[in-house]
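Comments concern the structure below.
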Amino acid sequence: MKIYVAYWSATGNTEKMATELVLAARDAGAEVSVQEVKNANIDEALKADILALGCPAMDAEVIEFDEMDPFLNDLEKAGLTGKNLILFGSYDWGDGEWMRNWQGRMTAAGANLLCEGIIAQNEPNEESLAMLRDAAKKAILACS
């Protein structure tokens, strides 16, 4: 089982979430590749059994536009139909609209969301970290 994790983090909160997901996936026996999105590779991402993407909300609850959004555009062009996907990220204010929009965008591109997007307000707390661990383990079981 191969999982590819690509994330963007400004404050370290989404990076902390990515690290938690990676540790849980490795503990569950998966082979994991993790990259900051600026170093991510579309071909490698699409070869993985599960793709996990992390990005915080920016500005008026949108995806980060300089690195993550172009990567998402490239993924969509390459084809996400049937791709198993986990989405996660942090936010400071608002109600998680960016995640709902992101889920809709990925579903419209044909991706198979393995769980609801996992969000944390500011620094991830134990509840959001536990959700990431659980999502990683369930995703591996579901895709095995």
Side-chain angles (χ1 to χ4, degrees), residues 1-121 124 127-144:
M1 176 67 48
K2 293 183 181 180
I3 299 178
Y4 192 92
V5 180
Y7 71 92
W8 188 90
S9 187
T11 63
N13 292 334
T14 300
E15 180 178 21
K16 185 174 184 178
M17 296 176 81
T19 299
E20 194 71 19
L21 190 145
V22 166
L23 293 173
R26 286 182 178 149
D27 284 349
E31 178 183 326
V32 183
S33 176
V34 59
Q35 299 289 330
E36 289 185 58
V37 75
K38 67 182 176 186
N39 300 320
N41 180 287
I42 295 291
D43 293 331
E44 289 180 27
L46 292 174
K47 287 178 186 173
D49 300 301
I50 299 169
L51 177 58
L53 301 172
C55 186
M58 304 294 291
D59 297 333
E61 285 211 73
V62 297
I63 292 291
E64 190 277 328
F65 36 86
D66 288 328
E67 294 177 23
M68 183 56 87
D69 194 54
F71 183 73
L72 295 175
N73 287 334
D74 289 345
L75 283 172
E76 289 167 317
K77 288 176 191 168
L80 285 172
T81 301
K83 188 75 202 159
N84 294 313
L85 196 60
I86 297 171
L87 302 176
F88 62 94
S90 60
Y91 67 104
D92 186 13
W93 58 273
D95 68 353
E97 178 183 5
W98 106 99
M99 183 58 75
R100 291 190 299 276
N101 292 341
W102 192 9
Q103 291 176 141
R105 177 180 174 180
M106 296 295 95
T107 300
N112 174 34
L113 297 180
L114 296 172
C115 61
E116 286 285 317
I118 300 166
I119 61 176
Q121 188 167 20
E127 180 182 354
S128 58
L129 295 175
M131 290 173 68
L132 283 161
R133 290 189 296 268
D134 189 53
K137 291 173 187 172
K138 285 181 178 177
I140 291 165
L141 287 174
C143 298
S144 292

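Note that this is a predicted model, so its numbers are computed, not measured. All residue numbers refer to positions in the sequence shown, counting from 1.
Residues Asp59 and Phe65 meet the side-chain proximity criterion, which asks for heavy atoms closer than 4.5 Å. The shortest side-chain heavy-atom distance between Glu31 and Ile3 does not fall under the 4.5 Å cut-off. Side-chain contact between Leu113 and Gln103 is present, with at least one heavy-atom pair separated by less than 4.5 Å. You'll find the side chain of Leu114 reaches within 4.5 Å of the side chain of Cys143, heavy atoms only. Two residues are said to be in side-chain contact when any heavy atoms from C-beta on lie closer than 4.5 Å; Ile119 and Ser128 fail this criterion. Side-chain contact check for Asn112 versus Leu85: every heavy-atom pair is 4.5 Å or farther apart. A heavy-atom distance below 4.5 Å is found between the side chains of Leu21 and Ile86. Within the 4.5 Å cutoff, side-chain heavy atoms of Arg26 are placed close to those of Val22.
Of the N and O atoms on the side chains of Glu15 and Tyr7, at least one donor lies less than 3.5 Å from an acceptor on the other residue.
Residues Glu76 and Ala109 come closest through the heavy atom pair CG-CB, 4.0 Å. Minimum heavy-atom separation, Ile140 to Ala30: CD1-CB, 3.7 Å. Considering all non-hydrogen atoms of both residues, Ala24 and Ala136 come closest at CB-CB, 4.0 Å. Residue Ala45 comes nearest to Phe71 through the heavy atom pair CB-CZ, 4.3 Å, listed as atom of the first residue, atom of the second, then distance. Scanning all heavy atoms of the two residues, the minimum distance from Asp92 to Gln121 falls at O-NE2, 3.1 Å. Summarising the geometry of Thr14 relative to Cys55, their closest heavy-atom pair is CG2-N, 3.6 Å, with the distance given to 0.1 Å.
Rounded to the nearest 0.5 Å, atoms CD (Glu97) and OH (Tyr91) are 12.5 Å apart. To the nearest 0.5 angstrom, Lys16 atom NZ is 11.5 Å from Leu132 atom CG. Going from atom CD of Glu36 over to atom CE of Met68 covers 10.5 Å, rounded to the nearest 0.5 Å. Rounding to the nearest 0.5 angstrom, the gap separating the CG atom in Leu75 from the NZ atom in Lys77 is 11.0 Å. Separation of atoms CG (Asp69) and CD (Glu64) is listed at 8.0 Å; rounding is to 0.5 Å. Once rounded to the nearest 0.5 Å, the distance linking CD of Glu61 with CZ of Arg100 reads 7.0 Å.
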(request) Take Phe88 and Val5, measure what side-chain contact (heavy atoms from CB on, under 4.5 Å) needs, and give me the verdict at the end. (result) CA-CA 10 Å; Phe88 62 94; Val5 180; 4.2 Å; yes
(request) Before giving the answer on side-chain contact (heavy atoms from CB on, under 4.5 Å), spell out for Trp98 and Val62 the whole-Å C-alpha distance, their side-chain angles and the decisive distance to 0.1 Å. (result) CA-CA 5 Å; Trp98 106 99; Val62 297; 5.7 Å; no
(request) Test side-chain contact (heavy atoms from CB on, under 4.5 Å) on Leu80 and Met106 and set out the steps. (result) CA-CA 8 Å; Leu80 285 172; Met106 296 295 95; 3.8 Å; yes
(request) Check the pair Lys47, Lys2 against side-chain contact (heavy atoms from CB on, under 4.5 Å), reporting the backbone distance first and the verdict last. (result) CA-CA 8 Å; Lys47 287 178 186 173; Lys2 293 183 181 180; over 6 Å; no
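The existence of a salt bridge linking Lys137 and Asp27 is excluded, since no basic side-chain nitrogen approaches an acidic carboxylate oxygen closer than 4.0 Å.
When each of Asn41, Leu46, Leu53, Ile50 is checked for a side chain to side chain contact (heavy atoms under 4.5 Å, CB included) with Tyr4, only Asn41 meets the rule.
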